[in-house]
Amino acid sequence: MWKRIFTVAAFAMVALTACSSSGDAPSASDGASGAQAGDELTDPIVAEGNGLGSCAFEFSVDVLAEREFAFDGTVTAIREPAATDAPYEVDFAVARWFQGGSGTTATVTTYDVSGTSFAGDLALQEGERILASGDDDVLWGCGFSMPYSQDDASVFAEAFPS
């Protein structure tokens, strides 16, 4: 039981750390941030004054490069947790690994699939192509995972050179 409580607490800390204090993140709503190294990107939720959607880490290529995994993939399934304090599991068909994995599939966890806490409105749904990144098996929001665009794929390629 303590192991499960510790695991849930660890996931919650990662989620809160990734999305808990003010900072800038790319706007996913326009589909392409065109970010370059050192660019400051504006989080639309923070810009509207809603601190709940703000992020602990300011998006940059350098901070993105610190993530344990990163890939370009399409959501194939989302499994709702049995317990309300457990994370969702999201399956991806992986088109390209930038960091931390191999193979054609990946499963990550997240506490939000609706986009409400993913500053930038990353709403996960089957068929959606995502540039995903995170640590352990936890998907980071706050601009570190975003809907696919060629411009943003270039940012991931810069962060994770082969």
Side-chain angles (χ1 to χ4, degrees), residues 1-29 31 33 41 43-46 48 50-59 63-149 152-153 155-156 159-160:
M1 177 174 148
W2 287 109
K3 183 177 179 183
R4 176 152 173 83
I5 291 171
F6 177 75
T7 301
V8 169
F11 281 124
M13 289 301 295
V14 169
L16 290 173
T17 300
C19 297
S20 65
S21 69
S22 65
D24 296 329
S27 168
S29 60
S33 68
L41 305 170
D43 174 349
I45 296 172
V46 173
E48 292 175 14
N50 181 351
L52 293 175
S54 58
C55 301
F57 293 94
E58 190 171 309
F59 182 87
V63 177
L64 176 62
E66 295 173 2
R67 304 296 48 92
E68 290 178 9
F69 70 84
F71 60 84
D72 165 4
T74 301
V75 176
T76 58
I78 299 173
R79 287 181 299 288
E80 189 170 336
T84 57
D85 60 347
Y88 289 85
E89 290 185 339
V90 182
D91 295 334
F92 287 87
V94 177
R96 176 182 177 187
W97 282 98
F98 293 98
Q99 170 89 353
S102 62
T104 60
T105 62
T107 299
V108 299
T109 59
T110 181
Y111 282 91
D112 181 42
V113 295
S114 67
T116 57
S117 69
F118 268 132
D121 295 327
L122 175 63
L124 298 173
Q125 50 190 306
E126 288 186 33
E128 183 83 16
R129 187 173 178 188
I130 303 293
L131 292 164
S133 71
D135 293 318
D136 297 318
D137 70 343
V138 180
L139 185 69
W140 275 39
C142 296
F144 293 93
S145 296
M146 61 191 75
Y148 180 89
S149 76
D152 290 331
V155 173
F156 270 59
F160 305 103

Residue pair [X] / [Y]: nearest heavy atoms and the distance that separates them:
X: V94; Y: G103; value: CB-O, 4.1 Å
X: W140; Y: R67; value: CH2-CZ, 3.5 Å
X: L131; Y: A153; value: CD1-N, 3.4 Å
X: L64; Y: F59; value: CD2-CZ, 4.2 Å
X: D85; Y: Y111; value: O-CE2, 3.4 Å
X: A132; Y: S145; value: CA-OG, 3.6 Å

*side-chain hydrogen bond (donor to acceptor under 3.5 Å, both in side chains) contacts touching residues 91-104 (sequence neighbours left out)*: R79-D91, D91-T107

*Kindly state each residue pair satisfying side-chain hydrogen bond (donor to acceptor under 3.5 Å, both in side chains) with at least one member in residues 125-134, sequence neighbours excluded.*
D72-R129

_Test side chain to side chain contact (heavy atoms under 4.5 Å, CB included) applied to V90 and V75, step by step_ = CA-CA 7 Å; V90 182; V75 176; 3.9 Å; yes

*List the steps and the verdict of ring pair (Phe, Tyr, Trp, His ring centres under 6.0 Å) for F98 and F71.*
CA-CA 5 Å; F98 293 98; F71 60 84; 8.9 Å; no

_Distance check, rounded to the nearest 0.5 Å: F156 atom CZ versus F144 atom CZ?_
9.0 Å

*OG1/T110 to CG/L124 distance, rounded to the nearest 0.5 angstrom?*
6.5 Å

*Using side-chain contact (heavy atoms from CB on, under 4.5 Å) as the criterion, list what pairs up with A65, not counting sequence neighbours.*
A159

*Please list, chain by chain and in numerical order, all residues satisfying side-chain contact (heavy atoms from CB on, under 4.5 Å) with E68, sequence neighbours excluded.*
D135, D136

*Report the C-alpha distance between F92 and V108 in whole Å, list the side-chain angles of each, state the deciding distance to 0.1 Å, and finish with yes or no for side chain to side chain contact (heavy atoms under 4.5 Å, CB included).*
CA-CA 8 Å; F92 287 87; V108 299; 3.6 Å; yes

